[in-house]
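Shown next, in structure tokens, is the structure this report addresses.
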Amino acid sequence: GAIFMTSQEKEHWRDVKSYMRVEKFKEENALELLKKVTKQEVSNDMQKLLEALDCFPFLVNQVAHYIFAKNCMIADYLQLFDFKKDEEVQSDGRYEEKFSKVWKKTFEKLKQENPLALEWLKVCAFLHPDSIPIDWIEGWVKEQRVENPAKERIQILAVLNRYALIRERDPQSKSISLHRLLQESLQSQVENQSDFLLNVYQFIRKHSKEFDSKNGNHKWVPHTEKILSIIEKNESTVEVIEQEVYRHLGTVYKNIGDY
């Protein structure tokens, strides 16, 4: 078998031959994806949309699921946006402006349809993107004083899946994942990041049964490491979080022999 890794940073690969850039779809492949997901026939509007999205795979997939989730016509979707032809891909190969526009509209609709789902997604923006425990959703929902947390958890998963904002991993892992670019977009929407980060950290401590244990699989570790990486980039973050994170991670690393 083979293992594929994705990253925005080319420096992770020492040899230029060891990585492959994600290129644009061929138009016929992009049309096939749009038709399959939206359940709509190929049309001039569909071709206009692909031209606006520059046939970038992740954008095409995201927009297609949005259109299907809202049961709207592609012509109606085109009217929602002001994609400019001069919005070309940046030198590092990223479509940040287009991503921002696509997700902004998705977030607006999600807030109308299920505000809690959007708030939970913001929490996920500060967690490790590849291994977020599903049972944490219900724990978080309970803190929002929802009448039926179990039912709300199901609804949150359903709507986030419908908009293709998350991916449920295999049943054994009982976890979800989301794209790192989506995390960056969500983080930029959080006004007081220091307080929000503190709340996320406290949530991890509260809902990780093995947080203060010397043994166990420590599923919380990658999420705490994620918080630490954000702290190091955010000079305004209160120092008390950083001190606690270092202390708990240091204990775990020592016990499992990392150093």
Side-chain angles (χ1 to χ4, degrees), residues 24-85 87 95-125 129 132 134 137-138 140-141 144 146-169 171 176-186 188-189:
K24 295 187 290 186
F25 266 145
K26 292 182 179 180
E27 184 176 339
E28 56 266 32
N29 299 130
L31 284 170
E32 182 180 354
L33 177 60
L34 265 181
K35 180 179 177 181
K36 180 179 179 181
V37 176
T38 64
K39 313 300 182 186
Q40 298 181 32
E41 294 300 320
V42 175
S43 63
N44 290 333
D45 287 328
M46 190 175 286
Q47 292 175 324
K48 288 179 182 178
L49 178 60
L50 291 179
E51 182 181 353
L53 299 175
D54 208 14
C55 287
F56 189 66
F58 190 55
L59 278 171
V60 174
N61 180 66
Q62 188 67 54
V63 169
H65 279 86
Y66 175 94
I67 291 171
F68 177 74
K70 297 308 298 178
N71 193 28
C72 69
M73 298 302 295
I74 291 177
D76 297 329
Y77 183 88
L78 281 169
Q79 293 180 0
L80 294 174
F81 295 89
D82 181 27
F83 290 121
K84 298 177 181 177
K85 291 184 178 180
E87 277 182 349
Y95 289 69
E96 292 183 345
E97 290 298 323
K98 288 185 169 101
F99 273 122
S100 177
K101 287 187 175 183
V102 168
W103 275 325
K104 181 180 179 182
K105 185 58 63 176
T106 300
F107 296 155
E108 289 174 359
K109 293 296 182 182
L110 185 59
K111 186 175 182 179
Q112 295 174 8
E113 188 171 340
N114 191 322
L116 276 181
L118 178 58
E119 290 307 309
W120 167 249
L121 203 60
K122 289 180 181 178
V123 173
C124 293
I132 302 171
I134 289 179
I137 302 176
E138 190 167 335
W140 178 82
V141 169
Q144 315 309 309
V146 174
E147 185 176 345
N148 192 332
K151 181 180 179 181
E152 188 63 37
R153 174 183 65 82
I154 294 173
Q155 292 177 341
I156 287 175
L157 282 173
V159 70
L160 294 180
N161 271 307
R162 188 151 43 86
Y163 281 100
L165 293 168
I166 63 168
R167 181 171 66 89
E168 290 194 61
R169 301 174 67 82
I176 59 175
S177 63
L178 67 161
H179 202 281
R180 286 162 175 77
L181 287 178
L182 174 58
Q183 283 190 311
E184 290 182 8
S185 181
L186 287 161
S188 67
Q189 293 199 9

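Quick note: residue numbers are just sequence positions, from 1. Keep in mind that what you see is a predicted model, and the values were worked out from it rather than measured. The basis for the numbers below is simple: all heavy atoms, side chains too, and nothing from hydrogens, waters or symmetry mates.
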Quiz item: Would you call Lys105 and Glu108 a salt bridge, taking side-chain N to carboxylate O under 4.0 Å as the test?
Solution: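 So Lys105 pairs with Glu108 through a salt bridge.
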Exercise. Taking only Lys NZ, Arg NE, NH1 and NH2, and the carboxylate oxygens of Asp or Glu, determine whether Lys26 and Glu32 approach each other closer than 4.0 Å.
Key: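 Salt bridge between Lys26 and Glu32, a charged N being under 4.0 Å from a carboxylate O: no.
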Are any of the side-chain heavy atoms of [X] and [Y] separated by less than 4.5 Å?
| X | Y | result |
| --- | --- | --- |
| Leu59 | Asp54 | no |
| Asn29 | Leu33 | no |
| Phe25 | Phe56 | no |
| Leu34 | Val42 | no |
| Glu113 | Lys70 | yes |
| Leu118 | Asn114 | no |
| Leu50 | Gln47 | no |
| Ile132 | Trp120 | yes |

Practice problem: Carefully, step by step, assess Leu157 and Ile166 under the rule side chain to side chain contact (heavy atoms under 4.5 Å, CB included). | Solution: CA-CA 8 Å; Leu157 282 173; Ile166 63 168; 3.8 Å; yes
For the residue pair [X] and [Y], what are the closest heavy atoms and their distance?
| X | Y | value |
| --- | --- | --- |
| Asp45 | Leu78 | O-CD1, 3.6 Å |
| Leu186 | Ala125 | CB-CB, 3.6 Å |
| Val60 | Ala30 | CG1-O, 4.2 Å |
| Leu110 | Ala117 | CD1-CB, 4.0 Å |
| Val102 | Thr106 | O-OG1, 3.0 Å |
| Val63 | Tyr77 | CG2-OH, 3.2 Å |

Practice problem: Verify side chain to side chain contact (heavy atoms under 4.5 Å, CB included) between Ile176 and Leu160, making sure each step is shown before the conclusion. | Solution: CA-CA 11 Å; Ile176 59 175; Leu160 294 180; 5.7 Å; no
Nearest 0.5 Å, please: how far is [atom2] in [Y] from [atom1] in [X]?
| X | Y | atom1 | atom2 | value |
| --- | --- | --- | --- | --- |
| Gln189 | Phe107 | CD | CZ | 5.5 Å |
| Glu41 | Ile74 | CD | CD1 | 10.5 Å |
| Lys151 | Ile154 | NZ | CD1 | 9.5 Å |
| Ile134 | Arg153 | CD1 | CZ | 7.0 Å |
| Glu28 | Cys55 | CD | SG | 9.0 Å |
| Gln144 | Glu119 | CD | CD | 8.0 Å |

Residue [X] excluded, over 12 heavy atoms near [atom1] under 6.0 Å:
| X | atom1 | answer |
| --- | --- | --- |
| Phe68 | CZ | no |
| Asn148 | CG | yes |
| Lys122 | NZ | yes |

Quiz item: Do you see a donor-acceptor pair shorter than 3.5 Å between the side chains of Asn161 and Glu168?
Solution: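 The answer is yes; a qualifying pair exists.
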Exercise. Quick one: sort the Tyr163 and Tyr66 rings into parallel, tilted or perpendicular, breaks at 30° and 60°.
Key: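 The arrangement is tilted - the two ring planes meet at 30° to 60°.
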Quiz item: Is a side-chain donor or acceptor of Gln183 paired with a backbone partner of Cys124 at a separation under 3.5 angstrom?
Solution: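 At least one qualifying donor-acceptor pair exists.
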Quiz item: Within the distance-only criterion (no hydrogens, no angle test), does the side chain of Glu51 pair as donor or acceptor with the backbone N or O of Met46 below 3.5 angstrom?
Solution: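 It does not hold such a pair.
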Quiz item: For Leu178 and Leu165, what are the C-alpha separation, side-chain angles and deciding distance, and is it a side chain to side chain contact (heavy atoms under 4.5 Å, CB included)?
Solution: CA-CA 6 Å; Leu178 67 161; Leu165 293 168; over 6 Å; no
